[in-house]
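Right, one structure below, let's go through it.
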Amino acid sequence: MAPRLLCVAGITLTAFTLTGCATMRVSSHVERGLDFSQYRTFDWGPADALPIGDPRLDKDPFFQDQVEGAIEKQMAARGFERSIASEAPDVRIHYHASITRRLDIQEADRYARCDADDCPARVIEYEVGTLVVDIVDARTNRLIWRGWAQDSVESVLGNRDRLRRKIDESVTRMFVRLPRAR
């Protein structure tokens, strides 16, 4: 009985460790053939039509400030300037964040050795956060670039320092493929 209990405890610990260290998935899409040199200025656009995200993010001013600050920093690093109030921007930016629950089923002998004949699979439940950033041509209202990042938010939501680092990493990695302004 004791070896089986140790096996189950080891499997569970390994599964939680692997879930917490899951790699961030990041990607972006630029409209093919688009000449980005025509864009120089940006501003924030109206909210998108996506469904409401998670109230832990939607109503958190810290989260909103961090996301907007990280995006503005990346836009500036690529040569974009924030438009002044009296001028129309070349592009408008908006973002959407959501959190969903995920299940991961892991077989025992993939990550830990189990000597029993009936090593059970483990179901791990965790939360994944997704951040989507859209850049829209302000004149045509056409989506010209979309970036997204997705990662586990376990032990991140209640910790402002971890949340800030996760936001910075997400935005930095998704903006790598954003073409430079003229």
Side-chain angles (χ1 to χ4, degrees), residues 15 17-58 60 62-82 89-106 124-157 159 161-182:
T17 302
L18 290 171
T19 300
C21 297
T23 347
M24 181 183 293
R25 294 176 41 205
V26 180
S27 187
S28 65
H29 171 75
V30 178
E31 184 175 320
R32 191 178 313 248
L34 182 67
D35 178 16
F36 252 78
S37 66
Q38 64 183 310
Y39 304 116
R40 188 179 56 79
T41 61
F42 75 94
D43 203 354
W44 293 98
D48 58 23
L50 291 172
I52 293 180
D54 188 281
R56 293 171 288 182
L57 303 177
D58 292 343
D60 183 356
F62 177 83
F63 174 79
Q64 294 169 359
D65 288 345
Q66 292 301 308
V67 170
E68 291 175 12
I71 291 170
E72 288 183 7
K73 179 179 173 183
Q74 291 302 316
M75 291 295 285
R78 279 155 186 76
F80 289 88
E81 296 176 10
R82 180 109 188 241
D90 297 325
V91 297
R92 295 201 183 275
I93 301 171
H94 65 270
Y95 68 91
H96 179 78
S98 65
I99 295 177
T100 55
R101 291 192 124 359
R102 293 280 171 91
L103 297 175
D104 189 12
I105 300 173
Q106 299 177 341
I124 308 298
E125 185 175 354
Y126 60 101
E127 292 182 309
V128 171
T130 303
L131 176 64
V132 177
V133 179
D134 288 338
I135 299 179
V136 176
D137 182 308
R139 289 178 294 278
T140 65
N141 207 29
R142 187 178 77 214
L143 178 68
I144 58 173
W145 182 88
R146 172 172 281 168
W148 61 268
Q150 188 175 67
D151 200 3
S152 170
V153 291
E154 296 298 315
S155 74
V156 172
L157 292 178
N159 184 316
D161 189 49
R162 284 184 185 159
L163 181 59
R164 180 191 50 75
R165 286 192 315 252
K166 185 77 75 173
I167 290 167
D168 286 344
E169 179 186 2
S170 301
V171 172
T172 299
R173 287 182 57 194
M174 78 171 72
F175 272 71
V176 165
R177 292 181 43 205
L178 178 69
R180 293 192 58 77
R182 61 177 157 154

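Any value given below was found using the heavy atoms of this structure, including those in side chains, with hydrogens, waters and symmetry copies removed. In what follows, residues are counted from 1 in the order of the sequence shown.
The backbone N or O of S155 lies less than 3.5 Å from a partner atom in the side chain of R162, making a donor-acceptor pair. Between the side chain of E154 and the backbone N or O of E127 there is at least one donor-acceptor pair closer than 3.5 Å. A donor-acceptor pair is defined here as one N or O able to donate and one able to accept, closer than 3.5 Å; no such pair exists between the side chain of R164 and the backbone of F62. Between the side chain of Q150 and the backbone N or O of G129, no donor-acceptor pair lies under 3.5 Å. No donor-acceptor pair closer than 3.5 Å links the side chain of E169 to the backbone N or O of K166. The backbone N or O of R40 lies less than 3.5 Å from a partner atom in the side chain of D90, making a donor-acceptor pair.
Closest approach of P179 and F80 over heavy atoms only: O-CE1, 3.7 Å. When all heavy atoms are compared, the tightest approach of S170 to V26 is O-CG1, 4.5 Å. Nearest heavy atoms, V156 versus L163: CG1-CA, 3.6 Å.
For the atom pair I167 CD1 and L131 CG, the distance stands at 7.5 Å (nearest 0.5 Å). For the atom pair D134 CG and H96 NE2, the distance stands at 10.0 Å (nearest 0.5 Å). One distance of note links CZ of R92 with CZ of F42; it measures 12.0 Å at 0.5 Å rounding. Note that the CD1 atom of I71 and the CG atom of L178 stand 11.0 Å from one another [nearest 0.5 Å]. To the nearest 0.5 Å, atoms CG (L57) and CG (L157) are separated by 6.0 Å.
Every residue was checked against the salt bridge (charged side-chain N to carboxylate O under 4.0 Å, His left out) condition with D137, not counting sequence neighbours, and none meets it. Among residues two or more places apart in sequence or in another chain, the side-chain hydrogen bond (donor to acceptor under 3.5 Å, both in side chains) test is passed with R142 by E31. Not counting sequence neighbours, R102 has no partner by the salt bridge (charged side-chain N to carboxylate O under 4.0 Å, His left out) test. With sequence neighbours left out, the side-chain hydrogen bond (donor to acceptor under 3.5 Å, both in side chains) criterion links S27 to no other residue. Considering only residues two or more places apart in sequence or on other chains, R165 meets the salt bridge (charged side-chain N to carboxylate O under 4.0 Å, His left out) condition with D161.
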Given the rule in the side-chain contact (heavy atoms from CB on, under 4.5 Å) test, do Y39 and L34 qualify, once you have shown the distances and angles that lead to the verdict?
-> CA-CA 11 Å; Y39 304 116; L34 182 67; 3.9 Å; yes
Determine, step by step, whether S98 and D54 satisfy the side-chain contact (heavy atoms from CB on, under 4.5 Å) criterion, reporting the C-alpha distance in whole Å, the side-chain angles of both residues, the deciding distance to 0.1 Å, and the verdict.
-> CA-CA 5 Å; S98 65; D54 188 281; 5.8 Å; no
Please lay out, stage by stage, how S28 and R146 fare under the test side-chain contact (heavy atoms from CB on, under 4.5 Å).
-> CA-CA 5 Å; S28 65; R146 172 172 281 168; over 6 Å; no
Begin from the C-alpha positions of V91 and I144 and carry the test side-chain contact (heavy atoms from CB on, under 4.5 Å) through to its verdict.
-> CA-CA 9 Å; V91 297; I144 58 173; 3.7 Å; yes
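Taking the centre of each ring, W145 and F175 come in below the 6.0 Å mark.
Considering only heavy atoms from C-beta on, Q38 comes within 4.5 Å of R139 through its side chain.
Sequence neighbours left out, the pairs with a member in residues 67-80 that pass salt bridge (charged side-chain N to carboxylate O under 4.0 Å, His left out) are E72-R82.
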